[in-house]
Amino acid sequence: MNSPAPRRSVLLGRMSLPERNHLTDLLRTETVGGVLLLVAAVIALIWANTPLGDSYEAVRGFHLGPASLGLDLSLQHWAADGLLAVFFFVAGIELKRELVAGELRDPKAAALPVVAALCGMVMPAVVYTVVTTTGGGSLDGWAVPTATDIAFALAVLAVIGTSLPSALRAFLLTLAVVDDLFAILVIAVFFTSTLNFWALGGAALGLGVFFVLLRKGVRGWYVYVPLALVIWGLMYNSGVHATIAGVAMGLMLRCHRREGESHSPGEHIEHLVRPLSAGLAVPLFALFSAGVSVSGGALHDVFTRPETLGVVLGLVLGKAVGIFGGTWLTTRLTKASLNPDLKWPDVFAVSALAGIGFTVSLLIGELAFASDPVLTDEIKAAVLTGTLTAAVLATVLLKIRNAKYRRLYEEENRDEDRDGIPDIYEEGTPAYHLRMAALLEEKAAEHRRRAEVAAASDAGQDGPA
């Protein structure tokens, strides 16, 4: 007797209800933050390209902070090194949660986002390298087009109003989480210059104290916030990019729930800090970093200089081809099948959307060309151009399938038994059918009552006029 064939795993299939609820809450915050990010970027561009442009440069170049501690920084540097540490702290928590309780906890399930994200970083770097090598440009910016900005991508989805199914949203989010991990590694490895081992040792000691306090169950923001500031300051002075301190502290938080807990400490802190990151830290970074000249000459340089052209093509072409190719490759390696409700053009559209690389791309651009302010601004203009182009391309591709997405979205959120849980998670349970039977019986009784009222009314009208 032949044994039944093994079931093929499904890529981009339905997620569990807890994961779906977490995704919904997270995307709500990130979407609002993305809109604020978009607004901040527009304000920066307008401010920098009006007669008030000199005041923009004066404001972001204004220095403050204790020089004796090596922290006499401009507002632009405070935003890039300080506020983005909050962003990376949240990214560290989300990565930890994904590793212990989310899509990345299962190696088989993690294969898709990891391979897709890795290909989505390698291919833009390859595109940039080929373009700059051919044009005789600098290879220093190879990492600029490798990052995806999830907040900006979600803002685009909010603006165009597409009802993207939760499976594709989850895929985009998990891609961004893995993307952040690789971006962190790139910043730590390739953009660390001279090291101050005393400061680095102090930061490591501070992180050790942070870890011990967490494991001992010590509570109180008045303990952790001052300690975090000390760790950040030491990390900044060590020569390692200060945002690494945020990631390290985020990864130390416990993100699995113990018996009797509705939320883990990591989830609770993420819930508190994410609005600060999405609503303040990242928009302020955009305000002080996105203000570049968009004159005709600057735009001409974007498409003629090899470094800037490499960034644009890396974001638009490299991201889309890399993520799509990585996803397709995963199906071949794992012999999995794509969710039957979705098609490969849907995967390509989301892959194109991942070409929106704003926050981390701008940061890496500043780090890669720190010694050349003119080229730094041109790279920023290239990031903005590539991001806008990728957004327009993704919008066109997503709008073509939006009617299908709307039907899938409505089916995912259908709640006919009115218990607050989508029906697709309950249709196999007896309780669901009993609730539906009770609701239908209630409706039937109401219709019978109305029929009796209508019949009585008709009988009263049958007499002589």
Side-chain angles (χ1 to χ4, degrees), residues 40 44 47 54-93 184 187-188 191-214 218 220-253 269 272-273 275-291 359-360 362-373 376:
W47 190 0
D54 290 341
S55 68
Y56 176 79
E57 292 297 333
V59 169
R60 73 174 181 177
F62 180 76
H63 277 247
L64 56 88
S68 59
L69 299 178
L71 296 175
D72 181 20
L73 310 177
S74 67
L75 289 181
Q76 183 178 3
H77 279 107
W78 275 113
D81 294 294
L83 292 178
L84 280 195
V86 179
F87 167 80
F88 278 105
F89 174 69
V90 174
I93 298 175
I184 292 161
I187 292 171
F191 295 103
T192 296
S193 52
T194 57
L195 286 176
N196 181 328
F197 288 100
W198 286 106
L200 185 60
L205 179 61
L207 288 171
V209 173
F210 189 88
F211 180 80
V212 170
L213 291 175
L214 288 173
V218 175
W221 65 267
Y222 46 84
V223 174
Y224 291 102
V225 172
L227 178 59
L229 291 174
V230 170
I231 294 170
W232 175 87
L234 289 168
M235 189 69 76
Y236 177 84
N237 282 284
S238 73
V240 177
H241 199 268
T243 54
I244 303 301
V247 177
M249 287 183 279
L251 287 171
M252 289 181 182
L253 293 174
I269 293 174
L272 295 175
V273 179
L276 176 64
S277 169
L280 182 65
V282 175
L284 281 178
F285 169 76
L287 179 65
F288 291 124
S289 293
T359 306
V360 179
L362 291 177
L363 174 62
I364 294 177
E366 291 180 357
L367 297 174
F369 299 103
S371 60
D372 190 343
T376 298

Whether the side chain of [X] engages the backbone of [Y] through a donor-acceptor N/O pair (distance < 3.5 Å, no angle test) should be reported.
X	Y	answer
H63	D72	yes
S289	F285	yes
W78	G65	no
R60	L75	no
W198	S238	no
S277	V90	no

Would you give the length of the straight line joining atom CG of L73 to atom OH of Y236, rounded to the nearest 0.5 angstrom?
->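 Result: 4.0 Å between the selected atoms.
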State the CH2-CE distance between W232 and M249, to the nearest 0.5 angstrom.
->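 If I round to the nearest 0.5 Å, the distance is 10.5 Å.
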Anything under 30° is parallel, anything over 60° is perpendicular, the rest tilted; go ahead and classify Y224 against F210.
-> perpendicular
Taking C-beta and beyond as the side chain, do T243 and M235 meet within less than 4.5 Å on heavy atoms?
->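 They are not in contact (no side-chain heavy atoms under 4.5 Å apart), so the answer is no.
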Criterion side chain to side chain contact (heavy atoms under 4.5 Å, CB included) on V360 and I364, from CA distance to verdict = CA-CA 6 Å; V360 179; I364 294 177; 3.8 Å; yes
Please identify each residue that fulfils side chain to side chain contact (heavy atoms under 4.5 Å, CB included) with P66, with sequence neighbours left out.
-> S68, L69, L71
Test log, rule side chain to side chain contact (heavy atoms under 4.5 Å, CB included), inputs L284 and L287 = CA-CA 5 Å; L284 281 178; L287 179 65; 4.2 Å; yes
Within 6.0 angstrom of F191 CZ, more than 12 heavy atoms from elsewhere =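 Atom CZ in F191 is crowded, with more than 12 foreign heavy atoms closer than 6.0 Å.
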Audit row: L83, F288, side chain to side chain contact (heavy atoms under 4.5 Å, CB included) steps and yes/no | CA-CA 11 Å; L83 292 178; F288 291 124; 6.0 Å; no
